[in-house]
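All remarks here apply to the structure that follows.
Just so we're on the same page: letters track the sequence lines, and every chain starts at 1.
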Amino acid sequence: MKIQAINGFKDILPDSALLWQQIEQRARDIFQRFGMREIRVPIMEKTDLFVRSIGEATDVVEKEMYTFTEKSITMRPEATASIMRAFIENGMHVQQPVQRLFTIGPMFRHERPQKGRQRQFHQLDAEIIGAQEPQVDAELIAMGQMLLDELGINTSLEINSLGCPACRPPFRTKLVNYLELHQDALCDDCKRRTTTNPLRVLDCKKSTCKAIAKDAPSILDSLCENCSDHFSLVRQALQDLGISFTINRFMVRGLDYYTQTTFEFLTSDLGAQAAVGAGGRYDGLIEQLGGPALPGIGFAMGIERIVLLMEQKNNGTSLTQNTDCFIAALGQEANKPCSQLTHQLRLRGINAAMDYSGRSLKAQMKQANRVHARFVLIVGENELKQEEAVLRDMKTQKQQVFSLAGSVSEQGERLAPVLRA
RNA sequence: GUGAGCGUAGCUCAGCUGGUGGUAGCACCGGGUUGUGGCCUCGGAGGUCGUGGGUUCAAGUCCCAUCGCUCACCCCA
């Protein structure tokens, strides 16, 4: 039996990891521009936290969680619940009336893997807690848009409002009544959804169901005055920031805690997975978890999905990690002084590499090329005797003599500036 | 949980109606270049054809089972 990774759990190999670093770095940069501060929360929580926040009847909770039943702890399927728990537990609202937080890390859902979907996957997650102004909704959405733009990813933005505890239940009743009139024309899934998750029928991909959804009562017509005002101010604020969007009154989110504004950044380049990022407002969540009655809004972006999009955009060309200086040691005599010089260079912040195998110069040059060395320092027996080495610039192919006079420390002191230039 | 497709070298794949596993490409190692990379050229190494069973004179190829992967449904980032 061959040892291999668990289904849905993927290695991120070095070449790809460079792209991951780039994405995460860009995300941190942009989040910080928006005043977001990083928070790191555990990847496991008591199962109850997820049940209470995400919702008992959601697919995520019902069938996708990795739960250790003995103590009933669960590997997080998303980050928002954990962050809210940390927020409440540490009384963070006392420190600052508005908390802007982000986290980056792995999430776990026991679904069947497919393109753009892993069982361990990674999210960039941003939350703004304690502010209910519509401008904040727009600001958060703008932040997500800015990140995707700067990464060079084309997405379309769709927004919707799901209402609040005052206006959603009446709408739901209205919708169920409508759907029950059209049961015969709905697909089997949607017949089931009529009772389990009627809003989801509106988002069904089947054309027959779409036709029914088209004339279904719209949540946007059923919003209470407060929600309606909020939604129009969000739209206005997005326009003020120059963010283009379309309204999708059929958009539904899979987690129960969402209220009012919801949004998705969509792509058509990921097969069945359209959402690169998505989020929304969750005004009742913190209180429901036993914290203060504070509003919140957040989004999550799937890093794997971003990586896929970026990889297929610059198809073929991958990022490379460079080496400042490769030291080619010829003969066993050269190994010791070369290893010392390599170390001296590293002490001075230089990315240096060498090979102890005593292979031919040709082989070592090949290795230097493979690690993208900018310079190669060739140290052979002749050079050692004469206290000199050959420094080759791999790009210009020009070579110069480098003196090995003095201690290794002095050598490093002289060589480092040349390599940095 | 459901459905479909696919498992041949580290990777990407040829392999027809069963008849000896491919000078295959990329990557790797070595030579051509007696101490100089990329390009070129020559050579080398690398395989229980996912696994188990069956049919057959003969199975990578056909049949069954099993494991794995992929895509899609459901749902979601």
### Lys/Arg-Asp/Glu bridge criterion (N-O < 4.0 Å) met for A:E139, A:R100
yes
### Message
Less than 4.0 angstrom from a charged side-chain N to a carboxylate O is my criterion; do A:D393 and A:R374 meet it?
### Response
no
Between [X] and [N], does any side-chain N or O lie under 4.0 Å from OP1 or OP2?
| X | N | value |
| --- | --- | --- |
| A:R112 | B:C71 | no |
| A:R359 | B:G30 | yes |
| A:R370 | B:C29 | yes |
| A:N7 | B:U70 | yes |
| A:Q114 | B:U70 | no |
| A:R200 | B:C75 | yes |
| A:Q364 | B:U36 | no |

### Query
Taking a pair as Watson-Crick or G-U wobble with both distances under 3.5 Å, which nucleotide is matched to B:G44?
B:C28
### Message
Should the side chain of A:R253 and the base of B:C75 be counted as holding a donor-acceptor pair, with the cut-off at 3.5 Å?
### Response
no
#### Entry: Side-chain donor/acceptor of A:Q397 to base of B:U36, under 3.5 Å
no
### Query
Starting at CG of A:L361 and ending at C1' of B:U34, how long is that distance when rounded to a whole Å?
13 Å
### Task
Could you tell me the separation between the CD atom of A:E64 and the P atom of B:C73, rounded to a whole number of Å?
14 Å
### Task
Check the pair A:F102 / A:F31 against ring-ring contact (aromatic ring centres under 6.0 Å, His included), numbers first and verdict last.
CA-CA 7 Å; A:F102 76 89; A:F31 290 167; 5.0 Å; yes
#### Entry: Flag for A:T194-A:E180: side-chain donor and acceptor within less than 3.5 Å
no
